[in-house]
Amino acid sequence: MAKINQDYTNLQGSYLFSTIAKKVAAFSAENPDKKIIRLGIGDVTRPLTPTIIESLHKSVDEMARKETFRGYAPDLGYDFLRKAICENDYVARGCAISADEIFVSDGAKCDSGNIQEIFSRDNKIAVCDPVYPVYVDSNVMAGRSGAYDTALGRYENIIYMPCTKDNRFTPQLPTETPDIIYLCSPNNPTGEAMKKAELQKWVDYANEKGAVIIFDAAYEAYIHDEDVPHSIYECDNARTCAIELRSFSKNAGFTGVRLGFTVIPKDLMVEGVSLHSLWARRHSTKYNGAPYIIQRAGEAVYSESGKKEVKELVGYYMRNASLILNGLTSAGYEVYGGVNAPYIWLKTPAGMTSWDFFDYLLRNVNIVGTPGAGFGPNGEGYFRLTAFGDYDATVEAIERIKKM
């Protein structure tokens, strides 16, 4: 008789954004005449840029000719893309990373969910609170979470690091020592970013404790302040304690074509075993590689014209972020983020839970956001809005909220 993986039964409810989608779908069905403005899920709205489209067309044509056709991609990624990533994202910033330490994938979400497979089930993980749900859920699936405490809204075996306005939404070193530490900067959902000195403390701590940092840098393209690092490898000795996750989704708009990568330095060892080798083994066994045409499009991101277009694309979304940040501030809301990230984190009106505020916005002004409670216990009482919408729609959304 077949048996299920009982660890999956520890998952709480459905995935956050699936729940939101169902609520919005139900409201739309009941109110087909309402114009809904979506500032919830972090999906981009601008089309791929001309340089990227040109590269896609060119590589598609290559696939139609025998002499340039490509089959399975190399397990770890084509050399042309790994070299482009290395030179532009790391060497140019003074980071000691080599091209063969870069693993190309179909997105940071997949990598952030899969990376835990190379670690023992006995490892203790630490996450920020609030946090991107995939970090927690993937470890629940792997059996690291323990039982769920309904009263506290937490899993018993996970170390939660509170990120509140009192600590500027920046995690503090935990009193209980973790084995694996998840950090995201610029942060999703709070929109706040760690300064280099703050991140260096985590690197020093991880090296001292023998812990591994999984650093999600999916939003690094939105960094504005000079003292905020784009990569954890800008910190001293990060090669011996850190794995970095990156994505093409938010900077170049690849949410519909899917491309990302993970960096694991060869110096990173656990119990005398190279994590670089373990991830390479896992990658080659369970993954067939990102498509050639998509990797060529990724390469185009690093061309001179590609860089210019991506900068303009990021600027478009950060214009939205400034609009939301300034509009809500002028309307009297307590607001954070929106400077180094495309997310705005706002305090819900007094007496309203984050899901109450979600329902209120949807029902009264037909705007969709993301309840903070979906990101963890310390997300309660807050609400996330995304800057990835259309500019005109964002203008209208803020005007609706001001008049609410």
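We use all heavy atoms of the structure for the numbers below, so side chains are in, but hydrogens, waters and symmetry mates are not.
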Checklist entry - Could you walk me through whether N114 and K286 pass the side chain to side chain donor-acceptor pair (under 3.5 Å) check? => result CA-CA 10 Å; N114 293 330; K286 292 191 172 185; over 6 Å; no
Item to check | Electrostatic pair R82-D100, nearest N-O below 4.0 angstrom | outcome: no
Item to check | Main-chain N/O of I85 paired with E87 side-chain donor or acceptor, under 3.5 Å | outcome: no
Item to check | Shortest non-hydrogen separation from C163 to P130 and the atoms involved | outcome: O-CD, 3.5 Å
Checklist entry - Using 4.0 Å as the upper bound for N to carboxylate O, is an ion pair formed by R400 and E396? => result yes
Checklist entry - Is the shortest distance from a Lys or Arg side-chain nitrogen in E334 or K165 to a carboxylate oxygen in the other one below 4.0 Å? => result yes
Next on the checklist: Show, in sequence, the C-alpha distance, side-chain angles and deciding distance for Y182 and I213, and conclude whether the side chain to side chain contact (heavy atoms under 4.5 Å, CB included) test is met.
Outcome noted: CA-CA 6 Å; Y182 286 82; I213 296 173; over 6 Å; no
Next on the checklist: Salt bridge check, D267 against R239: does any charged N sit closer than 4.0 Å to a carboxylate O?
Outcome noted: yes
Checklist entry - Please walk me through it: do V24 and I36 pass side chain to side chain contact (heavy atoms under 4.5 Å, CB included)? => result CA-CA 9 Å; V24 175; I36 296 176; 4.1 Å; yes
Checklist outcome for this item: Separation between CD1 (I181) and CD1 (I243), nearest 0.5 Å, reads 12.0 Å
Item to check | OG1-CG distance between T170 and L199, expressed to the nearest 0.5 angstrom | outcome: 10.5 Å
Checklist entry - Does the side chain to side chain contact (heavy atoms under 4.5 Å, CB included) test come out yes or no for V339 and L325, once each step is laid out? => result CA-CA 9 Å; V339 176; L325 181 64; 4.2 Å; yes
Checklist outcome for this item: Rounding to 0.5 Å, atoms OG1 (T262) and CD1 (I102) come to a distance of 10.5 Å
Item to check | N207 versus T240, side-chain donor and acceptor atoms under 3.5 Å | outcome: yes
Next on the checklist: Please check: side-chain N/O of D137 versus main-chain N/O of V134, any donor-acceptor pairing under 3.5 Å?
Outcome noted: no
Item to check | Donor-acceptor under 3.5 Å (E234 side chain, G94 main chain) | outcome: no
Next on the checklist: Taking the basic N atoms (NZ, or NE/NH1/NH2) and the acidic carboxylate oxygens, is any pair closer than 4.0 Å for R296 and E62?
Outcome noted: no
Checklist entry - Who passes side-chain contact (heavy atoms from CB on, under 4.5 Å) against N123, sequence neighbours left out? => result F119, S120, R144, D179, I180
Item to check | Shortest non-hydrogen contact between D225 and N340, atoms and distance | outcome: N-OD1, 2.9 Å
Checklist entry - Between T45 (side chain) and F388 (backbone), is there a donor-acceptor pair under 3.5 Å? => result yes
Item to check | E399 CD to L323 CG distance, which is reported to the nearest 0.5 Å | outcome: 8.5 Å
Next on the checklist: Under a 3.5 Å distance rule, please check whether S249 uses its side chain to pair with a backbone N or O of G253 as donor and acceptor.
Outcome noted: no
Next on the checklist: Test your reading of the model: is there a side-chain donor-acceptor pair from E220 to the backbone of A217, 3.5 Å cut-off?
Outcome noted: no
Next on the checklist: Tell me if a side-chain donor or acceptor on Y233 pairs with a main-chain N or O of A242 at a distance below 3.5 Å.
Outcome noted: yes
Next on the checklist: Walk me through whether S98 and E101 qualify under side chain to side chain donor-acceptor pair (under 3.5 Å).
Outcome noted: CA-CA 6 Å; S98 60; E101 293 175 321; 3.2 Å; yes
Next on the checklist: For a 4.5 angstrom cut-off between non-hydrogen side-chain atoms, does S105 reach H283?
Outcome noted: yes
Item to check | Validation row, ring centre Y219 to ring centre Y343 under 6.0 Å | outcome: yes
Checklist entry - Without hydrogens or angle criteria, can the side chains of T394 and R319 be said to hold a donor-acceptor pair below 3.5 Å? => result no
Checklist entry - Between S231 and R93, is any pair of side-chain heavy atoms under 4.5 Å apart? => result no
Checklist entry - What about the rings of Y155 and Y148, do their centers lie closer together than 6.0 Å? => result yes
Checklist entry - Would a 4.5 Å heavy-atom cut-off, applied to side chains only, mark V60 and M63 as touching? => result no
Checklist entry - Could D216 and K109 be called an ion pair, given the rule that one side-chain N must be under 4.0 Å from one carboxylate O? => result no
Checklist entry - Between Y317 (side chain) and K250 (backbone), is there a donor-acceptor pair under 3.5 Å? => result no
Checklist entry - salt bridge (charged side-chain N to carboxylate O under 4.0 Å, His left out): which pairs involve residues 346-369, sequence neighbours left out? => result K23-D359
Checklist entry - Residues two or more places apart in sequence or in another chain: which of them pass ring pair (Phe, Tyr, Trp, His ring centres under 6.0 Å) with Y132? => result Y135
Next on the checklist: Once salt bridge (Lys or Arg N to Asp or Glu O under 4.0 Å) is applied, do any residues pair with K311, and if so which ones, sequence neighbours excluded?
Outcome noted: none
Checklist entry - What is the minimum heavy-atom distance between C86 and A99, and which atoms define it? => result SG-N, 3.5 Å
Next on the checklist: Between S322 (side chain only) and M318 (backbone N and O only), is there a donor and an acceptor less than 3.5 Å apart?
Outcome noted: yes
Next on the checklist: Check R246 with E244, please: is the shortest side-chain N to carboxylate O separation under 4.0 Å?
Outcome noted: yes
Next on the checklist: Would you compute the distance between atom NE2 of H276 and atom CD1 of I118 and round it to the nearest 0.5 angstrom?
Outcome noted: 11.0 Å
Checklist entry - Side chains of N187 and T190: is there a donor and an acceptor less than 3.5 Å apart? => result yes
Checklist outcome for this item: CG of N139 to OG of S145, rounded to nearest 0.5 Å, is 8.0 Å
Next on the checklist: Between R168 and E192 (salt bridge meaning N to carboxylate O under 4.0 Å), is one present in this structure?
Outcome noted: no
Checklist entry - Do other residues, nucleotides or ligands put more than 12 heavy atoms under 6.0 Å from E156 CD? => result yes
Item to check | Distance-minimising heavy-atom pair for I324 and T386 | outcome: CD1-O, 3.6 Å
Next on the checklist: Counting only heavy atoms not in R281 (residues, nucleotides, ligands), do more than 12 fall under 6.0 Å from its CZ?
Outcome noted: no
Checklist entry - Nearest heavy-atom pair of F254 and I294: which atoms, and what distance? => result CE2-O, 4.1 Å
Item to check | Identified ring-ring contact (aromatic ring centres under 6.0 Å, His included) counterpart of W345 within the set Y382, F383, Y333, Y336 | outcome: Y382
Checklist entry - Hey, is OH on Y8 packed in by over 12 heavy atoms from elsewhere, all under 6.0 Å? => result no
Item to check | Presence of salt bridge, K195 and D227, under 4.0 angstrom | outcome: yes
Checklist entry - Considering residues at least two apart in sequence or located in another chain, which fulfil the salt bridge (Lys or Arg N to Asp or Glu O under 4.0 Å) criterion with R384? => result none
Checklist entry - Taking D129 for the side chain and N378 for the main chain, is one N or O donor matched with an acceptor at less than 3.5 Å? => result yes
Checklist entry - Regarding Q116 and S138, is there a side-chain donor-to-acceptor distance under 3.5 Å anywhere? => result no
Checklist entry - Counting heavy atoms not belonging to K83, are there more than 12 under 6.0 Å from its NZ? => result no
Checklist entry - Below 4.5 Å, heavy atoms only, C-beta onward: do L268 and S274 meet side chain to side chain? => result no
Checklist entry - Nearest heavy-atom pair of V228 and A193: which atoms, and what distance? => result CG1-CB, 3.7 Å
Item to check | Residues which pass side-chain contact (heavy atoms from CB on, under 4.5 Å) with K34, listed by chain and number, not counting sequence neighbours | outcome: F27, N31, N366
